[in-house]
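Before any comments, here is the structure.
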Protein chains: 2
Amino acid sequence: MCAKKPEVKPYHHGNLKEELIENGLKYIDKYGVESLSMRKLAEASGVSSAAPYAHFKNKDAFLDAVQDHITENLTDALHKAFERSTEREVLIELGKGYVTFFYENPLYYQFLFTRRNIDINTFPPYQFYSEVASVALKKMHEKKLTKETIRKKTITMWATVHGLARFALMDGVLNTDDLDKEIGQLLCSIEV
Amino acid sequence: MCAKKPEVKPYHHGNLKEELIENGLKYIDKYGVESLSMRKLAEASGVSSAAPYAHFKNKDAFLDAVQDHITENLTDALHKAFERSTEREVLIELGKGYVTFFYENPLYYQFLFTRRNIDINTFPPYQFYSEVASVALKKMHEKKLTKETIRKKTITMWATVHGLARFALMDGVLNTDDLDKEIGQLLCSIEV
DNA sequence: CACGCAATCTAATCACTGTCAAGATTGTTA
DNA sequence: TAACAATCTTGACAGTGATTAGATTGCGTG
């Protein structure tokens with residue numbers, strides 16, 4: 001009764017592309033990617049089921065866009081971890097940041113690493129980690145490391161971090177009461 | 001011409017359940033789980049599209065069965081790695097076995113770890129690894145390890161192995177010319 | 001200002017999917 | 001042999017990604 005706001009829906013949405021991505025992020029965070037459908041997202045934005053295809057070639061391209069956003073958030077988290085850490089503990093802090101990011105958004109992990117294979121050379125979080133690790137290792141060892149050694153140490157450490165992120169998502173494996181402390185202790189088992 | 005084998009299709013397939021699972025395994029190994037459909041599998045077995053539902057409650061239950069088979073294969077691979085290894089190098093050999101298994105069947109990795117969260121307590125490969133690791137660590141350190149230390153070392157090592165398996169699937173990260181050697185060297189970076 | 005183009009949207013439709021219900025066929029067991 | 005349970009077919013439904021043709025609109029150019 002007394003509908004004051006007819007709220008006549010304009011023909012053009014005006015911000016559809018961004019809204020779709022944002023809703024996609026939220027949906028995946030809540031329910032995972034499996035049950036996500038373009039039609040549901042379109043309806044949620046009050047738009048016809050074909051409208052999204054004006055902005056994305058297909059569902060896959062849309063998910064690519066969502067993936068890019070998550071990747072950005074992850075990279076941001078790593079940058080923040082880098083900035084708040086001392087020089088001596090960068091690598092451990094980056095590890096904590098990585099694990100925590102996925103612990104807080106478990107479904108992102110599945111989504112991010114389930115889609116088409118990530119290219120190491122263009123995946124920003126790994127690029128950033130490589131750079132930081134290279135610098136840190138050289139300082140720690142006073143530049144006495146070969147390139148090959150740096151490569152090996154970097155890979156091993158990051159593999160551990162990635163594996164720990166997985167374990168953090170499983171019930172009863174890690175002590176999540178103080179995840180930061182737990183990760184810190186676990187990463188110390190690796191000689192750098 | 002001169003069709004000698006009319007090959008009258010019997011009303012009952014006789015081995016449908018097993019054949020579906022087998023074809024499912026092959027399909028996932030080739031194309032991944034995304035494009036797998038119950039109807040295609042049914043057709044491949046020369047059976048109507050609703051027939052599989054006499055054996056599986058729904059697609060999810062079917063994929064559970066496929067997942068169980070892959071898990072079994074992985075567990076077998078670990079057992080074999082265990083048997084062919086010396087006491088001193090069990091942990092490294094298990095790691096090699098784990099990584100190699102997924103390197104040879106890359107799409108299994110995605111499938112296995114993409115579905116509903118694995119329960120650490122009922123996932124045979126991890127159970128087996130825990131037992132082996134516990135025994136190995138105690139021997140190495142002459143029983144001077146606390147339970148908590150064993151837990152930490154086991155988790156870290158296995159996390160590294162799992163992460164390395166991921167890297168093995170990415171182009172240009174690991175040296176896959178001699179993957180066994182590479183994994184062996186990388187795992188040595190971890191103090192056990 | 002008006003014209004027209006390009007971006008964006010709708011409506012209608014297609015092939016495909018998971019899944020169910022009703023009924024047909026068969027193996028097995030009492 | 002009769003009856004039951006397991007297995008399969010047919011036919012249907014709603015939901016999906018995607019395409020097409022055409023409607024609406026914003027915006028820059030003359």
Side-chain angles (χ1 to χ4, degrees), chain A residues 6-69 107 110-111 114-116, chain B residues 6-69 107 110-111 114-116:
Chain A
E7 207 63 70
V8 185
K9 192 184 68 174
Y11 192 88
H12 283 157
H13 180 284
N15 195 32
L16 184 56
K17 187 172 181 178
E18 283 70 24
E19 192 172 304
L20 286 173
I21 293 180
E22 191 134 339
N23 286 340
L25 283 167
K26 284 182 196 162
Y27 190 95
I28 290 176
D29 195 27
K30 258 194 189 174
Y31 310 107
V33 73
E34 289 171 48
S35 62
L36 179 147
S37 89
M38 298 301 275
R39 298 178 100 104
K40 276 189 278 191
L41 287 182
E43 195 183 15
S45 289
V47 112
S48 86
S49 63
Y53 293 92
H55 301 277
F56 305 99
K57 196 197 164 204
N58 50 29
K59 186 181 184 180
D60 218 57
F62 169 72
L63 292 180
D64 280 345
V66 175
Q67 196 173 10
D68 285 346
H69 271 243
L107 292 175
Q110 298 215 355
F111 173 66
T114 293
R115 290 173 53 66
R116 49 204 84 289
Chain B
E7 208 62 70
V8 184
K9 192 184 70 177
Y11 192 88
H12 283 157
H13 180 284
N15 195 31
L16 185 55
K17 186 172 183 178
E18 283 70 24
E19 192 173 304
L20 286 173
I21 293 180
E22 191 134 337
N23 286 340
L25 283 167
K26 284 181 195 163
Y27 190 94
I28 290 176
D29 195 27
K30 258 194 188 173
Y31 310 106
V33 72
E34 288 170 48
S35 61
L36 178 147
S37 91
M38 297 301 275
R39 297 178 101 106
K40 276 189 278 192
L41 286 182
E43 195 182 16
S45 288
V47 113
S48 87
S49 64
Y53 293 91
H55 302 277
F56 305 99
K57 197 200 163 201
N58 50 30
K59 186 180 184 180
D60 218 58
F62 169 71
L63 293 180
D64 280 345
V66 175
Q67 195 172 10
D68 285 347
H69 271 244
L107 292 175
Q110 298 214 355
F111 173 66
T114 294
R115 291 173 53 66
R116 46 205 86 288

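None of the values given here were measured: they were computed from a predicted structure. First the proteins, then the strands, lettered A, B, ... as listed; each starts at 1. The figures here come from the full heavy-atom set of this structure, side chains too, leaving out hydrogens, waters and symmetry mates.
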Below 4.0 angstrom from OP1 or OP2 of [N], is there any side-chain N or O of [X]?
X     : N      : value
B:H13 : C:dT26 : no
A:H12 : C:dT10 : no
A:S48 : C:dA11 : no

Just the rounded figure in Å: distance from [atom2] of [N] to [atom1] of [X].
X     : N      : atom1 : atom2 : result
B:E18 : D:dT7  : CD    : P     : 10 Å
B:N15 : C:dG27 : CG    : P     : 15 Å
A:L41 : D:dA18 : CG    : P     : 13 Å
A:L63 : D:dT16 : CG    : C1'   : 14 Å
B:M38 : C:dT19 : CE    : P     : 7 Å
A:E43 : D:dG17 : CD    : P     : 12 Å
B:Y53 : D:dA6  : OH    : P     : 20 Å
B:R39 : D:dT10 : CZ    : P     : 13 Å

Quick check: on DNA chain C, is the nucleotide nearest A:G14 upstream (toward 5') of the one nearest A:S49, or the reverse? Name the residue that is more 5'.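 Checking each residue's closest nucleotide, the 5'-ward one belongs to A:G14.
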
With heavy atoms under 4.0 Å as the rule, sort A:K40 into base, sugar-phosphate or nothing.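 Sugar-phosphate: the residue A:K40, judged by heavy atoms under 4.0 Å, touches backbone atoms but no base.
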
Of the nucleotides [options], which one has an atom closest to the side chain of [X]?
X     : options               : result
A:S37 : D:dA18, D:dT9, D:dG17 : D:dG17
B:A50 : D:dT9, D:dG17, D:dT7  : D:dT9
A:A51 : D:dT16, D:dT20, C:dC9 : C:dC9

To check you understand the geometry: which heavy-atom pair defines the closest contact between A:F111 and A:L63, and what is its length?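 Closest approach of A:F111 to A:L63: CZ-O, 3.7 Å.
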
If you count the non-hydrogen atoms of other residues, nucleotides and ligands that lie under 6.0 Å from CD in A:E43, is the total more than 12?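 Not buried by this count: 12 neighbours or fewer within 6.0 Å.
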
So A:V66 and A:F56, do their side chains get closer than 4.5 Å, heavy atoms only?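 No; the side chains remain at least 4.5 Å from each other.
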
When B:S45 is tested against each of B:E22, B:K40, B:E19, B:H13 for side chain to side chain donor-acceptor pair (under 3.5 Å), which residue passes?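 Among the candidates, only B:E19 passes.
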
Quick one: does any side-chain atom of A:Y27 pair with a main-chain N or O of A:S37 as donor and acceptor, under 3.5 Å?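 Such a contact is absent between A:Y27 side chain and A:S37 backbone.
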
